[in-house]
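Have a look at the structure below, then the notes.
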2 protein chains.
Amino acid sequence: MPDLHLLSPRGFRAGGVHAGIKTTDTPDIGLLVADAPAAAVAAFTTNKVFAAPVKVGRIHAAGGRLRAVVLNSGNANACTGRQGERDAFRMCTLAAELVGCDAAHVLPSSTGIIGHPLPMEKVEAGIRDVAQYLGDSLEHALLFGSAILTTDTKRKAAAATVKIGRETVTLAGVCKGAGMIGPRMAVQVGAAAGGGAGGAAKAKGRSLKGRSATLLSYLTTDAKIAPAALRKLFAPTVDASFNAVTIDDHTSTNDTAVLLASGASAAVAGDRDLAKFKAALDEVCQSLAYQIAADGEGATKVVVVRVRGADTDADARAMARAIANSPLVKCAMNGNDPNWGRIVSAAGLAGVPFDPDRATLTLQGTAVFRNGQPLTYDAAAVSTRLAEPEVRVDLTCKQGKGDGTVWTCDLSKEYVSINADYHT
Amino acid sequence: MPDLHLLSPRGFRAGGVHAGIKTTDTPDIGLLVADAPAAAVAAFTTNKVFAAPVKVGRIHAAGGRLRAVVLNSGNANACTGRQGERDAFRMCTLAAELVGCDAAHVLPSSTGIIGHPLPMEKVEAGIRDVAQYLGDSLEHALLFGSAILTTDTKRKAAAATVKIGRETVTLAGVCKGAGMIGPRMAVQVGAAAGGGAGGAAKAKGRSLKGRSATLLSYLTTDAKIAPAALRKLFAPTVDASFNAVTIDDHTSTNDTAVLLASGASAAVAGDRDLAKFKAALDEVCQSLAYQIAADGEGATKVVVVRVRGADTDADARAMARAIANSPLVKCAMNGNDPNWGRIVSAAGLAGVPFDPDRATLTLQGTAVFRNGQPLTYDAAAVSTRLAEPEVRVDLTCKQGKGDGTVWTCDLSKEYVSINADYHT
């Protein structure tokens, strides 16, 4: 869907401006506004150390209706104590004032360096500024999409449409994330309390300051759908997309994914329509997750790890995640080394039932291990295939119907550079 | 205890020879023999993919008595199917024949490349050879200690003595491990079944072939102690030592730790003596664990992560392990970057209760974070201290009495080289 963007779903406007929080000359304040209160669902980090905007956002998202998302990049507003909470709330009240809504209908987000108070003068000026230049064009979507980036080398966006009756419902989303990516988000139902954190370092070809460290995703749809239905759909979607991407398995303090439904198009209700809508939502979120893996810090390739035939989907995902997180596997991928022993043994350490004597492993479609024993294969040919931009690792067990995919990237010397060669 | 070695405890002989399994000219077959059946306890990997010698070793260790340990390096005998099991058992029967005992009293071990059948002709010749040259000198201990090494750059050994009544009981141990180190070993009580794996890649200054990938440790004591008492002591000791070291958190298929008590010295029984013995055992095993972290692949420093004041010891260890395993923390350590946000947020992702608003983090003794907020500190001075060969990360919670330490190392570009720049 090359023509669709975040503001293609009807009923939304957005924008992004540079307020001087990031040192680069790119947008660092973003505002996304729904024309009317939108049905909303949000998922937040389960890290015990969570940022002030997550604390405030949990409360605001609990009502199931949002008018706006206000955000900054370059500063995570994490580990910033009471002042941080006041600042996150101030972002909401100011946005609410400019939009003309209740502050409780505004969700705040921040991403960037940890442990520094937000530069509120710049933030407030930025919010005032961006509120004057909202629109629903591709350009506005791009500005908003840029305002969430930190060490990302590119913007990430996806969209889909789904026919509901005679109407076309559109879904779209943007996201960011390149490091401190090991999301374990939970869909917000009630409210919460607590502290906060983030991360900081330099990057070649990545913004030097405003270094981060978080998965943020904002999704829009013009479907008319009840908040309760959204919630029910969103949790499994998040698990099979954002929660299934890992760069470094370091769950961030600021991870947030939010879906707003304006209701400007067809009503989605009934099992069949909900299933169609869910499929489109999965498609968008999984595309975004894939793009995060592809833009992982230092990544030279995406690694798609799929486990089938495990006892349960959760078990399959746990095995896939163990494979995806092993530094030994990630280094082998970097070196185009068909080192299947690392992969099979990583599956075995996931803590879920796994019988290697009944399993088959393929790399880029070539079987290298079956039923507990090595297979003869052309190692040089497989190695050549491992140099491709997308590597597929498929482990098939003969235990059950569990199926799970996790997206990751390789571990390169560049990753170490990005995260070691810089002082906070 | 510079004069003590693995064969200082009375009642043991050992040796090591080069049989041509490793490509380097160093010993790759080791044999450790007790003069009489020794009380024994062993802990093995909990990876679902475990090597043939682990399968055989579990059965043999279950009886609580062992006469010998026979081992090879250069080949893990993992993912080698039924033939692998026959080969592991053959190592035992041959050693038993030469030692003059039952094969069920011999524990086999292997470490090295995965998915290749053992070169049994070389292995058998080596076992016959080493059996002729056993002794209890330091040199014999060093030969045995060398025979277990793979990518290790140095031998690892520790020893301690403890006064029991008027007698001196000696404990000693050797170990190996540099990569594929994230042990989660369980003390063997009954028997078991299953498959197997290992790992392979090159190393600068490390042996190019025979690449591995496993924690092995062999401990001797001349204490007279019942197998049941040994078992009871060993499980918590392993948890607080070998299971508390992580290089890459990749639990190996071959991890094995075994303790043999010859009974040639004082009887250890009664709470007070057992506690003294346990303290000495902890000291030896923790020293070995520390040495593994210090010799981690690509390591430039040891990082000692200690968490105090958590709800439980297990929670403290889980938080310490999460900190130790974060690639972001490990890269920051490599770069001498006092990036406390990564550390605090890693503690928060461990999935155990943690309240950052009541926690203090110190780096090399300097407090950098307290009660949810950053502290002012001299970042340049702390960075200088982070360049030392041992870095201490201390997180103090105010929740309970839980105390846990995990040893790790930094993540360097050299680590990526070792594990990526080589093809299996």
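Letters go in sequence order (proteins before strands), and every chain restarts at 1.
Listed by first then second residue, pairs satisfying salt bridge (Lys or Arg N to Asp or Glu O under 4.0 Å) with a partner in residues 370-380 of chain B number zero, not counting sequence neighbours.
Contact count versus chain B (heavy atoms, under 4.5 Å) is highest, among A:Gly348, A:Gly81, A:Ala346, for A:Gly348. Listed options A:Ala380, A:Cys331, A:Gly351 were ranked by heavy-atom pairs under 4.5 angstrom with chain B; first place goes to A:Cys331. Chain B forms more heavy-atom pairs under 4.5 Å with one residue of A:Pro353, A:Gly84, A:Ala322, A:Ser326 than with any other, namely A:Ser326. In terms of non-hydrogen atom pairs under 4.5 Å with chain B, the most contact-rich of A:Asn47, A:Asn325, A:Val352 is A:Asn47.
Taking each heavy atom of B:Asn254 and B:Pro53 in turn, the nearest pair found is ND2-CG, 4.2 Å.
For B:Asp357 and A:Lys48, the salt-bridge test fails: no basic side-chain N is under 4.0 Å from an acidic carboxylate O.
A 4.5 Å side-chain heavy-atom check between A:Asp87 and A:Thr80 finds every atom pair outside the cut-off.
Looking at A:Ser412, the atoms closer than 4.5 Å to chain B (heavy atoms on both sides) all sit in the backbone: N, CA, C or O. With a 4.5 angstrom heavy-atom cutoff, A:Asp249 touches chain B only via backbone atoms.
A:Arg358 meets the side-chain hydrogen bond (donor to acceptor under 3.5 Å, both in side chains) test with no other residue; sequence neighbours excluded.
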